[in-house]
Amino acid sequence: MLTTACVVAPRAVGRIGRRAALLGSLAAPVFRLGVPGLASTLDEALQLPGLTPTVVTDAKSAFVTGLHVVAATAGLPHLVLGLLTRRRLPREDVGGGAGRELGARATAKP
């Protein structure tokens, strides 16, 4: 599916790839801080020989924490833009006006 998107819209896929790489670059240091000196990725950490179950749990927890940081970082601009948009949009009267007339015409029998 990704190869089809690359053929159809290579520019869009390039922008998406750069954004994903940026967010991945944010998750990696959070993971490394959670399990210092173990490995740079979860896959590498899980393939190390002689790991105790506690270390495996800590590595998985650090990975999930990195994902949480990425989700919060990606979600915060969306939240801010949503609040700004709601503030800037004009308020309309939901119960009256043109909607009432349109509804009366739609239900009237010819």
Side-chain angles (χ1 to χ4, degrees):
M1 185 169 202
L2 182 60
T3 56
T4 304
C6 290
V7 171
V8 175
R11 289 184 192 165
V13 172
R15 285 189 295 253
I16 293 169
R18 284 191 296 271
R19 289 181 186 137
L22 180 65
L23 293 174
S25 297
L26 180 63
V30 173
F31 173 75
R32 288 186 197 121
L33 286 172
V35 283
L38 184 63
S40 59
T41 65
L42 179 62
D43 187 43
E44 290 175 7
L46 295 179
Q47 291 181 7
L48 293 174
L51 290 179
T52 63
T54 305
V55 173
V56 171
T57 303
D58 289 344
K60 289 179 180 181
S61 177
F63 178 78
V64 171
T65 301
L67 291 180
H68 287 158
V69 169
V70 167
T73 303
L76 187 61
H78 289 90
L79 177 66
V80 170
L81 289 174
L83 293 173
L84 288 173
T85 302
R86 182 174 177 166
R87 184 175 180 193
R88 299 275 299 168
L89 286 176
R91 297 183 184 191
E92 296 179 11
D93 183 19
V94 177
R100 191 178 297 168
E101 294 171 10
L102 183 61
R105 276 188 260 151
T107 57
K109 295 182 181 179

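Values reported hereafter were calculated over all heavy atoms of this structure, with side chains retained and with hydrogens, waters and symmetry mates removed. Computed from a predicted structure; not experimentally measured.
Contact record, Gly34 with Ala62: CA-CB, 3.8 Å, taken as the closest heavy-atom pair. Minimum interatomic distance between Ala59 and Phe31 (heavy atoms only, all atoms of both residues): O-CE1, 3.2 Å. Residues Ser25 and Pro29 approach most closely at O-CD, 2.8 Å, considering heavy atoms. Of all heavy-atom pairs between Leu33 and Pro36, the closest is O-CD, 3.6 Å. Closest approach of Arg32 to Ser40, counting heavy atoms only: NE-CB, 3.5 Å. Closest approach of Leu42 to Phe63, counting heavy atoms only: CD2-CG, 3.7 Å.
For the atom pair CG (Leu38) and CD (Glu44), the distance works out to 9.5 Å, reported to the nearest 0.5 Å. A distance of 8.0 Å separates CD in Gln47 from OG1 in Thr41, rounded to the nearest 0.5 Å.
Hydrophobic clustering (ILVMFWY, side-chain heavy atoms < 4.5 Å, transitive): Leu67 and Val56 are in one cluster.
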**Item:** Criterion side-chain contact (heavy atoms from CB on, under 4.5 Å) on Leu83 and Arg87, from CA distance to verdict
**Value:** CA-CA 6 Å; Leu83 293 173; Arg87 184 175 180 193; over 6 Å; no

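Using a 4.5 Å cut-off between side-chain heavy atoms of Ile, Leu, Val, Met, Phe, Trp and Tyr, Val69 falls into a hydrophobic cluster with Leu23, Leu26, Val30, Val70.
Residues in residues 63-84 take part in no side-chain hydrogen bond (donor to acceptor under 3.5 Å, both in side chains) pair, two or more places apart or across chains.
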